[in-house]
Protein chains: 2
Amino acid sequence: MKIGELAQLARCTVETVRYYEKAGLLAIPERNAANYRHYGAAHVERLRFIRNCRALDMTHEEIRALLGLMDTPAAQCGEVNQLLDAHIGHVDARIQELTELRAQLMDVRRQCHSEQSVSACGILQGLAQMDAGEKNGRHTHLG
Amino acid sequence: MKIGELAQLARCTVETVRYYEKAGLLAIPERNAANYRHYGAAHVERLRFIRNCRALDMTHEEIRALLGLMDTPAAQCGEVNQLLDAHIGHVDARIQELTELRAQLMDVRRQCHSEQSVSACGILQGLAQMDAGEKNGRHTHLG
DNA sequence: TGCACACCCTGAAGCGACTACAGGGTCAAG
DNA sequence: CTTGACCCTGTAGTCGCTTCAGGGTGTGCA
């Protein structure tokens with residue numbers, strides 16, 4: 001099949017497919033006489049795998065590692081488990097971070113009691129004066 | 001004060017300070033004879049405001065809007081409230097998204113019961129076969 | 001047969017929010 | 001004078017796409 005059909009089957013764009021090929025996530029396919037890419041079932045499966053991992057907010061590095069393990073079927077699956085557990089940890093950390101962030105936002109939001117002038121509004125003052133605390137770098141790649 | 005001191009007071013890097021100046025978030029400061037930037041208390045307060053907003057995952061656009069309102073103190077604070085509420089909505093949406101994503105990850109994780117070969121491991125099969133569902137675009141700028 | 005449209009191709013640039021690099025200048029202390 | 005810390009500008013890179021520019025291919029219809 002051609003790239004448009006592959007992209008449709010995996011619910012992404014042809015640009016993304018070409019990008020993954022360039023990024024080394026997807027194998028370089030055969031070409032026809034017109035230089036059009038030609039894909040088979042293996043590509044569909046691999047692309048779906050990649051898209052699913054992306055939907056789960058895994059980085060290309062994480063996906064690359066999983067693909068590597070997938071290509072050594074006789075290996076033990078301990079590493080697969082580790083990778084997944086690590087990623088779940090990242091997600092947990094980001095949820096925690098956002099939850100705390102939300103609490104701070106609600107604090108600030110509560111400083112405005114009624115429609116008034118900006119100069120009297122507690123929100124901007126709150127944003128100017130709050131202590132965001134030490135943000136010791138990101139604990140997860142997730143935004 | 002010089003840029004290093006300002007950056008320290010606002011807990012960011014000098015590169016970030018220069019970046020904000022170039023991005024128009026921070027006013028262009030005076031310079032001394034050596035072309036070093038010279039900052040005062042107003043810059044400290046503004047940079048702290050910006051950093052706090054960033055800590056709350058607001059975009060530069062959102063921050064720009066708030067700064068605009070801050071610079072019109074006689075205006076009504078309704079817009080400030082709207083901006084904050086909208087942003088809280090973004091955070092909520094992202095928390096929701098990550099929570100769902102986490103549930104999917106746990107589903108997949110549960111498909112591995114014991115150390116075995118990769119080919120028998122349910123995780124990779126789960127990742128290949130799962131239905132991530134339609135991801136109809138991002139509902140929030142937060143990652 | 002020619003045209004229009006859908007799809008294909010490559011390479012480069014852009015997005016947002018920084019961050020790092022390259023190469024050079026200034027200042028203060030020893 | 002030397003050294004190290006800090007300052008400067010401009011450029012490029014990070015991540016994961018997405019868009020743009022410019023050109024080729026295939027098919028259906030008038």
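Note that the coordinates shown come from a computational prediction; the quantities given were computed from them, not determined experimentally. To find a chain, count down the sequence lines: A is the first, B the second, and so on, and within it residues start at 1.
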- prompt: Within the pair B:Arg51 and C:dC18, is there a side-chain N or O less than 4.0 Å away from OP1 or OP2?
  reply: yes
- request: Any chance you could measure A:Tyr20, atom OH, to A:His43, atom NE2, to the nearest 0.5 Å?
  value: 14.5 Å
- request: Quickly work out the B:Tyr36 OH to D:dA5 P distance and round it to whole Å.
  value: 14 Å
- request: Find the distance A:Arg37:CZ to D:dT25:C1' and express it as a whole number of Å.
  value: 15 Å
- request: Starting from the 5' end of DNA chain D, give me the residue, B:His38 or A:His60, whose nearest nucleotide shows up first.
  value: B:His38
- line: The residue, A:Asn32 or B:Tyr39, whose nearest nucleotide of DNA chain D is more 5′ is B:Tyr39
- prompt: Given C:dT10, is OP1 or OP2 found less than 4.0 Å from the side-chain N or O atoms of A:Arg31?
  reply: yes
Atom-pair distance (CG on A:Asn35; C1' on C:dG11), nearest Å: 14 Å
task: Would you please confirm or rule out a distance under 4.0 Å between OP1 or OP2 of C:dC18 and any side-chain N or O of B:Tyr20?
output: yes
message: Less than 4.0 angstrom between a side-chain N/O of A:Arg54 and OP1 or OP2 of D:dC17, yes or no?
response: yes
message: I want to check one thing: is the phosphate of C:dA17, taken as OP1 and OP2, less than 4.0 Å away from some side-chain N or O of B:Thr16?
response: no
- request: Write down the distance between NZ (B:Lys2) and P (D:dC7), rounded to a whole number of angstrom.
  value: 6 Å
- request: Kindly say whether, by distance alone, the side chain of B:Tyr19 makes a donor-acceptor pair under 3.5 Å with the base of C:dG16?
  value: no
query: With nearest nucleotides of DNA chain C determined for B:Ile63 and A:Lys22 from heavy-atom distances, which residue corresponds to the more 5′ nucleotide?
result: A:Lys22
